[in-house]
Trainee: 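What follows is a structure written as structure tokens; I'll ask about it next.
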Amino acid sequence: MFCFSVAAAAEPGILPRVLELFAKRSLVPLRWHSDRLAPSHGRDSASLAIDIQVAELTVELGDYIARCLRQIPGVETVLTSEKRFR
């Protein structure tokens with residue numbers, strides 16, 4: 001399972017643009033959780049915290065999607081991890 005953690009500006013178009021990267025590849029996330037965070041720690045505006053988990057994703061495709069996420073205007077950071085079940 002591949003996990004994405006995205007920090008972005010709280011703008012109306014961010015969520016659909018993030019989801020579009022998965023939909024274009026016929027991927028439905030196992031888990032999607034997003035929160036709108038109030039301004040804090042010197043930030044003047046609200047932000048979004050988005051956590052996404054996708055099954056059966058190769059490391060190469062996960063890395064590619066992460067690079068695409070980073071190119072979306074308003075996305076500030078993208079962290080990735082891979083969960084392996086034994």
Trainee: Determine the minimum heavy-atom distance between G62 and L57, stating which atoms define it.
Mentor: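 Taking G62 first and L57 second, the nearest heavy atoms are CA-CD2, 3.9 Å.
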Trainee: Scan residues 3-15 for pairs that pass side chain to side chain donor-acceptor pair (under 3.5 Å), counting only residues two or more places apart or in two chains.
Mentor: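 For residues 3-15, and leaving out neighbouring residues, the side chain to side chain donor-acceptor pair (under 3.5 Å) pairs sorted by first residue read S5-D51.
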Trainee: Closest heavy-atom contact between P73 and I14?
Mentor: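 For P73 versus I14, the nearest heavy atoms are O-CD1, 3.2 Å.
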Trainee: Among L21, I50, T77, which one satisfies side chain to side chain contact (heavy atoms under 4.5 Å, CB included) with L69?
Mentor: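 Among L21, I50, T77, the one meeting side chain to side chain contact (heavy atoms under 4.5 Å, CB included) with L69 is L21.
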Trainee: Are any side-chain N or O atoms of R36 and backbone N or O atoms of A46, one a donor and one an acceptor, separated by less than 3.5 Å?
Mentor: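 No, because the side chain of R36 does not come within donor-acceptor range (under 3.5 Å) of the backbone of A46.
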Trainee: Cluster question for you: counting only ILVMFWY and a side-chain heavy-atom cut-off of under 4.5 Å, with indirect links fine, are V75 and Y64 together?
Mentor: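 Result: yes, single cluster for both.
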Trainee: Provide the closest heavy-atom pair for P16 versus P12 in the form atom of the first, atom of the second, distance.
Mentor: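 Scanning both residues completely, I find the closest heavy atoms to be CD-O, 3.6 Å.
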Trainee: What residues form a side chain to side chain donor-acceptor pair (under 3.5 Å) with E82, not counting sequence neighbours?
Mentor: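 In terms of side chain to side chain donor-acceptor pair (under 3.5 Å), with neighbours along the sequence ignored, E82 is linked to R84.
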Trainee: If you group Ile, Leu, Val, Met, Phe, Trp and Tyr by side-chain heavy-atom gaps below 4.5 Å, do L61 and W32 land in one group?
Mentor: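 As far as the 4.5 Å side-chain criterion goes, W32 and L61 are connected within one cluster.
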Trainee: How close do E76 and A9 get, counting heavy atoms only, and between which atoms?
Mentor: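 Shortest heavy-atom separation between E76 and A9 comes out as OE2-N, 3.9 Å.
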Trainee: With respect to F4, which candidate in L79, V18, V54 satisfies the side chain to side chain contact (heavy atoms under 4.5 Å, CB included) definition?
Mentor: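 When L79, V18, V54 are each tested with F4, the side chain to side chain contact (heavy atoms under 4.5 Å, CB included) holds only for V54.
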Trainee: Could you point out which residue of L15, L48, I52 forms a side chain to side chain contact (heavy atoms under 4.5 Å, CB included) with S34?
Mentor: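 Among the candidates, only L15 passes.
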Trainee: Evaluate the criterion side-chain contact (heavy atoms from CB on, under 4.5 Å) for residue pair L27 and I65; output intermediate values, then yes/no.
Mentor: CA-CA 11 Å; L27 297 169; I65 291 173; 4.1 Å; yes
Trainee: Rounded to the nearest 0.5 Å, how far apart are CZ of F2 and OG of S81?
Mentor: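 It is 7.5 Å, given to the nearest 0.5 Å.
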